[in-house]
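Everything on this sheet refers to the single structure shown next.
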Amino acid sequence: MASTEKKPKNDPLMVRSVEKAFRVLSAFDADRPAMSLSQIASVTDLDMSAAQRFTHTLVKLGYLAKNPDTRQFELTVRTLDLGYHFTRSNRLVERAIPYLLHLSKETEETVNLTIPDDTEVVFVSRFLSRHVLNTDVIIGTRLPAYCTAPGLAILSRLPADEARDIVRRSDLRPHTPHTVWDIATVMERVDEAAQAGFGVACEEIYHGDGSVAAAIVDTGGRPIAAINIATSLARYSREEMVERFAPLVVAAARSLSKI
């Protein structure tokens, strides 16, 4: 689960009930698609009375549903509303769509737009190819920055101390035998991405998957997103992938950075 901004306990503007409500909603995931009241209380660190009040309110608002037989709660389709409103109101996503569509048609490969969120990157737009390998990656999917091409591209445009801090706070572990997760080596790759102008990752999260990405920066030069092209390593070697797709993602990222 992504880290969230920590609020001081004495913050006079912090509405604790809102924070707790989102804590309940965020507790549901692929490992916990449905939970009993006691499970929700345990996962969210709420007492049973508070968990009951919040789940009741969220059911009434339509964000949770309660199964009358199992008495377990689960998310409803209404929880998608926030994501929908984000994609329809975010100007960067809107501006990027024509570039993503062009890359998708030109390469016939999967093209993604990701946005950084602390130690992770979040997929906010995605055009699939018929060669797609990982159908479990959807809008809203989060992946670690330290071992993904978009993440490396974004980290490479940050000050070195800031990038190292993000890597240090990441959940560093080998997702596959090819994952690079040693801090020193990760930082070497970040430096390489800075020199090249793009990041590359192969089979570090998913077997057979290769990706090349370039960062989109704001007027101050800070990375705000990344465009990547993902392909199958059964169809291209790493070298072929970089030679063919790196210039395309770099050009698209530079164009969006100028807007």
Side-chain angles (χ1 to χ4, degrees), residues 1-9 11 13-94 96-97 100 110-128 132-145 148 150-151 170-171 173 175 205-206 209 225 230:
M1 184 179 297
S3 61
T4 56
E5 183 181 358
K6 297 294 190 298
K7 295 288 186 181
K9 291 186 177 181
D11 186 345
L13 297 179
M14 182 71 169
V15 181
R16 297 295 169 186
S17 59
V18 175
E19 183 272 331
K20 290 175 181 177
F22 276 96
R23 201 192 304 174
V24 171
L25 292 174
S26 300
F28 294 86
D29 57 22
D31 296 323
R32 296 185 296 260
M35 288 186 285
S36 66
L37 186 63
S38 61
Q39 288 174 316
I40 292 173
S42 175
V43 170
T44 59
D45 197 27
L46 295 172
D47 60 45
M48 284 291 288
S49 176
Q52 185 177 40
R53 293 196 305 273
F54 284 109
T55 53
H56 175 79
T57 302
L58 291 167
V59 168
K60 289 295 184 180
L61 292 174
Y63 291 97
L64 287 182
K66 185 178 181 180
N67 186 305
D69 297 321
T70 66
R71 303 184 65 81
Q72 289 193 321
F73 297 86
E74 58 185 20
L75 298 177
T76 71
V77 70
R78 178 166 285 190
T79 57
L80 291 175
D81 285 354
L82 287 176
Y84 172 81
H85 292 311
F86 170 80
T87 57
R88 288 297 176 264
S89 64
N90 186 277
R91 294 188 62 191
L92 175 60
V93 174
E94 180 184 4
I97 292 297
L100 302 177
T110 297
V111 182
N112 305 297
L113 178 72
T114 54
I115 290 180
D117 186 17
D118 196 30
T119 64
E120 300 172 312
V121 293
V122 184
F123 288 73
V124 296
S125 191
R126 182 165 166 82
F127 286 81
L128 299 179
V132 65
L133 293 174
N134 306 304
T135 56
D136 58 331
V137 177
I138 59 175
I139 303 302
T141 293
R142 292 173 173 270
L143 293 178
T148 56
S170 298
D171 178 20
R173 56 192 175 93
H175 296 271
I205 296 287
Y206 302 106
D209 180 75

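Counting only residues at least two apart or in different chains, side-chain hydrogen bond (donor to acceptor under 3.5 Å, both in side chains) contacts with residues 65-75 are absent. Every pair passing side-chain hydrogen bond (donor to acceptor under 3.5 Å, both in side chains) that includes a residue from residues 40-62 is listed here, sequence neighbours excluded: S49-R53.
A heavy-atom distance below 4.5 Å is found between the side chains of L64 and L75. Using a 4.5 Å heavy-atom cutoff, the side chains of V137 and N112 are not in contact. No side-chain heavy atom of Y63 sits less than 4.5 Å from a side-chain heavy atom of V24. Counting heavy atoms from C-beta on, the side chains of R126 and I138 never come closer than 4.5 Å. Side-chain contact check for P144 versus D171: every heavy-atom pair is 4.5 Å or farther apart.
Rounded to the nearest 0.5 Å, atoms CD1 (I97) and OG1 (T87) are 8.5 Å apart. Between T148 atom OG1 and R142 atom CZ the span is 13.0 Å, to the nearest 0.5 Å.
Between A51 and A41, the shortest heavy-atom distance links the atoms CB-CB, 3.9 Å. Closest approach of F28 and F73 over heavy atoms only: CE2-O, 3.2 Å.
With sequence neighbours excluded, the residues that form a side-chain contact (heavy atoms from CB on, under 4.5 Å) with A145 are V121, L155. Residues that satisfy the side chain to side chain donor-acceptor pair (under 3.5 Å) test with S38, not counting sequence neighbours, are S36. For A21, the side-chain contact (heavy atoms from CB on, under 4.5 Å) test picks out F54, with sequence neighbours left out.
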Distance-only donor-acceptor hits, side chain of residues 77-86, under 3.5 Å, sequence neighbours excluded:
unit_1, atom_1, unit_2, atom_2, d
R78, NH1, L61, O, 2.7
T79, OG1, T76, O, 2.7

